[in-house]
Amino acid sequence: MTDDSYILSDPKTGTQVELPVHRGTLGAPTLDISNLYRDTGMFTYDPGFVSTASCHSSITYIDGDEGVLLYRGYPIEQLAEHCSFIEVSYLLLNGELPKPEQLTAFRSKIVHHTMVNEQMKSFFTAFRYDAHPMAIMVGAVGSLSAFYHDALDVHDPEHRELSAYRLIAKIPTIAAASYKHNIGEPFVYPRNDLGYCANLLRMMFSVPAEPYEANDVSVRALNLLFILHADHEQNASTSTVRLSASSGANPYACVAAGIASLWGPAHGGANEAVLSMLSEIGTVDNIGPFIDKAKDKDDPFRLMGFGHRVYKNYDPRAALIRTICHEVLDGLGDDADPLFELALKLEEIALQDEYFIERKLYPNVDFYSGIIYKALGIPSSMFTVMFAIARTTGWVAHWMEMMADPGQRIGRPRQLYDGSARRDFVGMDKR
Ligand code: ACO
């Protein structure tokens with residue numbers, strides 16, 4: 001991996017350190033500073049990891065300046081057009097698109113793990129009736145290690161594979177149960193003759209009193225959204241999963257940690273926040289004051305669904321979702337959704353505003369996804385849960401990749417300490 005080197009020199013002492021430079025297949029060259037402390041006694045400082053590659057990975061590549069997203073080298077646009085979410089999951093986990101028999105075998109493995117231990121039912125009912133479904137998700141997914149401890153040896157590749165299938169298969173069942181608990185309806189068991197998305201919609205929306213068949217437009221829309229959300233290299237939640245896993249923690253605990261991180265409004269929680277923001281804006285006339293509020297440095301408000309750490313161009317996922325919004329809303333007979341019209345107008349106004357132009361702030365994946373979820377009848381409290389279902393595949397792929405890496409070590413960042421220097425204890429009567 002090392003192609004050349006970079007010399008760092010201290011002008012005061014004239015000391016020089018030669019740092020190896022790694023060049024991946026694509027992307028910026030990377031300075032290897034792993035021996036910097038040993039060689040110089042210095043740390044590097046990079047809050048928010050703006051210039052730091054935390055690992056090497058061959059799963060997903062983003063070119064933020066060009067607005068490019070590749071899964072295992074394949075452009076997201078091509079995968080979105082041709083694949084099912086399960087096919088993309090196979091690709092992310094295994095590195096190659098499946099042959100027909102590989103896809104059938106993979107699907108069968110996922111399908112045979114969709115049920116959850118029956119005792120988990122009482123776990124759900126222990127939550128308050130109005131618990132946020134993401135709160136239930138964090139607890140329920142974390143609890144899986146208590147139910148599936150037959151395969152928790154993270155150093156055994158067969159155990160890892162089984163845990164991967166279990167996580168991808170059970171997450172929709174758990175998500176639907178979180179929703180059913182929230183609305184006071186009975187849990188619906190998975191049906192293995194249905195595809196991944198149709199099964200999820202059925203577990204969320206069917207009731208024992210009448211038959212249910214998921215609408216084709218809804219299934220296709222959900223499939224697309226899940227593909228677009230499946231992975232996004234070293235984002236906050238994936239890095240959380242990796243850091244948690246680096247200690248050897250079990251995968252259910254690590255994915256629960258990823259879900260907790262995803263919930264934040266600066267990350268996956270933004271899709272829920274976008275819809276509240278659009279509802280609050282209400283009409284086109286109010287867009288101006290909201291844009292002013294987002295630009296005001298004394299106001300913590302930000303335009304939700306806008307901006308991205310990596311994309312300094314249109315997020316390709318947002319572009320795809322925006323394109324299918326019309327199709328989905330038309331297909332579901334909801335073509336006049338005022339929130340979509342409002343979102344389009346908000347985007348148009350923001351993209352002409354100097355503040356957003358200068359900072360290269362564009363709509364991100366969450367700006368339009370909530371509009372589709374809403375059209376599918378999914379309540380806003382479930383938006384981030386939907387994101388978590390799709391991203392579980394990415395989290396699991398990263399976990400599998402790092403656990404198979406013989407060079408894997410515990411993640412342990414250092415710090416720039418700026419607290420008190422050593423001082424002596426002062427008794428209570430002297431403080
Ligand atoms: N509205 C208004 N101003 C913004 C916004 C926004 N949405 N996003 C960034 N800015 C401004 C910042 O105030 C900052 O301005 P300054 O240079 O004058 O100080 C500049 O743009 C750069 O922003 P940072 O916060 O430094 O960028 P960072 O990479 O740390 O944050 C983030 C990225 C968290 C996504 C940010 O853009 C944001 O909060 N967006 C809104 C929340 C959101 O949509 N999150 C979803 C992200 S996608 C995902 O996780 C699935």
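Remember, it's 1-based here, ligands and their atoms both numbered in the order they're listed.
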Enquirer: Tabulating one pair per line, provide the atom names and distances (0.1 Å) for every N/O atom of ligand 1 that is less than 3.5 Å from a protein N/O atom.
Expert:
from     : atom 1 : to     : atom 2 : distance (Å)
ligand 1 : 1 (N)  : Leu303 : N      : 3.0
ligand 1 : 3 (N)  : Tyr355 : OH     : 2.8
ligand 1 : 7 (N)  : Leu303 : O      : 2.7
ligand 1 : 7 (N)  : Phe306 : O      : 2.9
ligand 1 : 13 (O) : Lys297 : NZ     : 2.9
ligand 1 : 13 (O) : Arg302 : NH2    : 3.2
ligand 1 : 15 (O) : Lys297 : NZ     : 3.1
ligand 1 : 15 (O) : Arg359 : NE     : 3.2
ligand 1 : 18 (O) : Lys297 : NZ     : 3.1
ligand 1 : 18 (O) : Arg359 : NE     : 3.0
ligand 1 : 18 (O) : Arg359 : NH2    : 3.0
ligand 1 : 25 (O) : Arg302 : NH1    : 3.0
ligand 1 : 25 (O) : Arg302 : NH2    : 2.9
ligand 1 : 29 (O) : Arg309 : NE     : 2.7
ligand 1 : 30 (O) : Arg309 : NH2    : 3.0
ligand 1 : 39 (O) : Arg302 : NH1    : 2.9
ligand 1 : 40 (N) : Phe306 : O      : 2.9
ligand 1 : 44 (O) : Gly305 : N      : 2.8
ligand 1 : 44 (O) : Asn364 : ND2    : 2.9
ligand 1 : 45 (N) : Ala266 : O      : 3.0
ligand 1 : 50 (O) : His267 : ND1    : 2.8

Enquirer: Between the main-chain N or O of Ala177 and the side-chain N or O of His181, is there a donor-acceptor pair closer than 3.5 Å?
Expert: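 Checked: no pair found.
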Enquirer: For the CE atom of Met203 and the OH atom of Tyr189, what is their distance to the nearest 0.5 Å?
Expert: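 Output value for this atom pair is 12.5 Å.
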Enquirer: State which residue, out of Tyr362, Phe356, Tyr368, fulfils the ring pair (Phe, Tyr, Trp, His ring centres under 6.0 Å) condition with Phe306.
Expert: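 Only match with Phe306 under ring pair (Phe, Tyr, Trp, His ring centres under 6.0 Å): Phe356.
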Enquirer: Among side-chain atoms of Gln234 and Ser54, is any donor-acceptor pair under 3.5 angstrom?
Expert: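 Short answer, no.
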Enquirer: Look at the side chain of Asp366 and the backbone N and O of Gly305, then say whether any donor-acceptor pair between them is shorter than 3.5 Å.
Expert: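 No: the side chain of Asp366 does not pair with the backbone of Gly305.
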Enquirer: Assert yes or no for the condition that the ring centre distance of His232 to Tyr311 is strictly below 6.0 Å.
Expert: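 Yes - the distance between ring centres of His232 and Tyr311 falls below the 6.0 Å cut-off.
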